[in-house]
Asker: 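The structure that follows is given in the form of structure tokens.
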Amino acid sequence: MTAASGATSATNNTAPTPNAVSTASAPAISVQNIHKFFGETHVLKGVSFDVPQGTVTTILGPSGSGKSTTLRCINLLETIQAGRIYVNGELMGYREENGQLHDLTQKQEAVQRSHIGMVFQRFNLFPHMTALENVIEAPVHVNGVAKQEALTQGKELLERVGLSDRADFYPAELSGGQQQRVAIARALAMNPDLMLFDEPTSALDPELVGEVLGVMQNLAEEGMTMVVVTHEMGFAREVSDQVIFMEDGQIVEAGTPAQLFEHPTQQRTAEFIGSVL
């Protein structure tokens with residue numbers, strides 16, 4: 001999206017707003033009427049939702065509904081063609097001047113992205129580095145943290161995810177669940193303001209799912225703001241503050257877990273919930 005086209009689309013969809021709003025009242029994430037195209041395919045069709053500070057939002061839906069794309073747009077891994085995304089009151093990917101949007105530089109986007117931790121389906125660990133080396137890589141080489149300080153913090157993070165005894169193990173020596181927990185520790189090493197999880201257990205054997213969900217539940221209990229795309233209905237029901245059901249690039253229904261799981265207002269939501277429970 002060019003700055004000009006972004007400005008036109010966003011101006012048509014939302015009222016002009018400043019680059020940032022008061023963080024005291026701002027939600028952790030505000031997604032405002034975003035649209036995303038891949039070629040001629042309209043993948044996101046006016047998606048809007050807020051994530052309050054310190055809460056967990058779970059996004060559910062069938063494959064191809066736009067769940068993962070929504071996360072990638074929040075983290076600037078994909079470019080939206082219309083709408084706006086704010087994180088902690090800051091407009092993501094653009095600066096606004098006189099009602100016009102202008103693209104941020106790659107360096108400016110990297111700074112914004114550094115405040116967001118993201119965990120993917122695949123662990124994407126460096127195979128030639130130990131668990132501890134994977135965790136400290138970004139703090140040392142991106143944030144300029146002294147290596148000794150990073151090592152201390154890295155060991156604390158591995159202990160936090162239950163892997164203090166695996167610090168010197170290479171990814172190939174770890175189970176899938178252990179690798180995903182290292183990936184979570186690696187994301188936390190950047191001291192993010194919030195965490196995005198894109199189906200973090202989908203690549204795991206069933207018996208390994210619980211250990212990863214346990215770490216995520218601990219993060220939620222500690223007050224980490226989280227957005228989780230998952231097929232784990234138990235996690236969505238027990239840990240979420242807000243559940244969003246998406247289909248065909250749109251939000252069909254959103255509410256508390258009790259509302260969506262027990263009293264959905266939309267027939268399609270009820271059908272989906274019924275099919276996965």
Asker: For the pair S240 (side chain) and V243 (backbone), establish whether a donor and an acceptor sit closer than 3.5 Å, ignoring hydrogens and angles.
Answerer: no

Asker: Applying salt bridge (charged side-chain N to carboxylate O under 4.0 Å, His left out), can you list everything that pairs with E262, at least two apart in sequence or on another chain?
Answerer: R237

Asker: Work out which heavy atom in A187 is nearest to a heavy atom in P192; give both atom names and the distance.
Answerer: O-CD, 3.4 Å

Asker: Specify the closest pair of heavy atoms between L71 and L196, including all atoms of both residues, with the distance to one decimal.
Answerer: O-CD1, 3.7 Å

Asker: Take atom CD in Q106; do more than 12 heavy atoms of anything else shown fall under 6.0 Å from it?
Answerer: no

Asker: Going from CE on M233 to CG on L277, what distance comes out if it is rounded to the nearest 0.5 angstrom?
Answerer: 7.0 Å

Asker: Who are the side chain to side chain donor-acceptor pair (under 3.5 Å) partners of N134, not counting sequence neighbours?
Answerer: none

Asker: Checking F272 now: which residues fulfil ring-ring contact (aromatic ring centres under 6.0 Å, His included) with it, not counting sequence neighbours?
Answerer: F245

Asker: Does D50 have any side chain to side chain donor-acceptor pair (under 3.5 Å) partners at least two apart in sequence or in another chain, and if so, which?
Answerer: S30

Asker: Strictly by ring-ring contact (aromatic ring centres under 6.0 Å, His included), give each pair with a member in residues 178-214 just once, sequence neighbours left out.
Answerer: none

Asker: Do any N or O atoms from the side chain of Q179 and from the backbone of L125 form a donor-acceptor pair under 3.5 angstrom?
Answerer: no

Asker: Taking ring-ring contact (aromatic ring centres under 6.0 Å, His included) as the cut-off, I'd like each qualifying pair that reaches into residues 139-185, sequence neighbours left out, listed once.
Answerer: none

Asker: Which residue pairs pass the side chain to side chain donor-acceptor pair (under 3.5 Å) test when at least one of the two sits in residues 110-121, sequence neighbours left out?
Answerer: E90-Q112, Q121-S202

Asker: Check whether Q153 reaches the backbone of A150 with its side chain - one donor and one acceptor, N or O, closer than 3.5 Å.
Answerer: no

Asker: I'd like to know if K107 and E109 make a salt bridge, using a cut-off of under 4.0 Å between side-chain N and carboxylate O.
Answerer: no

Asker: Mind checking what makes salt bridge (charged side-chain N to carboxylate O under 4.0 Å, His left out) contact with E271, not counting sequence neighbours?
Answerer: R268

Asker: Heavy-atom distance under 4.5 Å between the side chains of L151 and L132, does that happen here?
Answerer: yes

Asker: Is Q178 reaching over with its side chain to a backbone N or O of S175, donor-acceptor style, under 3.5 angstrom?
Answerer: yes

Asker: Taking C-beta and beyond as the side chain, do D241 and T57 meet within less than 4.5 Å on heavy atoms?
Answerer: no

Asker: Running the 4.5 Å side-chain criterion over Ile, Leu, Val, Met, Phe, Trp and Tyr, what cluster does V142 land in, apart from itself?
Answerer: M190

Asker: Nearest 0.5 Å please: distance from the OG1 atom of T225 over to the CG atom of L219.
Answerer: 11.0 Å

Asker: With K67, which residues qualify under salt bridge (charged side-chain N to carboxylate O under 4.0 Å, His left out), at least two apart?
Answerer: none

Asker: State the CZ-CG distance between R181 and L157, to the nearest 0.5 angstrom.
Answerer: 13.5 Å

Asker: For the pair T41 (side chain) and F37 (backbone), establish whether a donor and an acceptor sit closer than 3.5 Å, ignoring hydrogens and angles.
Answerer: no

Asker: Can you measure from CZ (R72) to OG (S68) and round to the nearest 0.5 angstrom?
Answerer: 8.5 Å

Asker: List the residues meeting side chain to side chain donor-acceptor pair (under 3.5 Å) with E173, not counting sequence neighbours, and say none if there are none.
Answerer: none

Asker: Verify, without hydrogens or angle tests, whether K36 (side chain) and T79 (backbone) share a donor-acceptor contact under 3.5 angstrom.
Answerer: yes

Asker: Would N33 and S48 count as having a side-chain donor-acceptor pair, cut-off 3.5 Å?
Answerer: no

Asker: Side-chain contact, heavy-atom cut-off 4.5 Å: D193 with V87?
Answerer: no

Asker: Please enumerate all residues that pass salt bridge (charged side-chain N to carboxylate O under 4.0 Å, His left out) together with E253, with sequence neighbours excluded.
Answerer: none

Asker: For residues M92 and I74, determine if any side-chain heavy atom of one lies less than 4.5 Å from a side-chain heavy atom of the other.
Answerer: no

Asker: Is a side-chain N or O of Q242 found less than 3.5 angstrom from the main chain of V51, in a donor-acceptor match?
Answerer: no

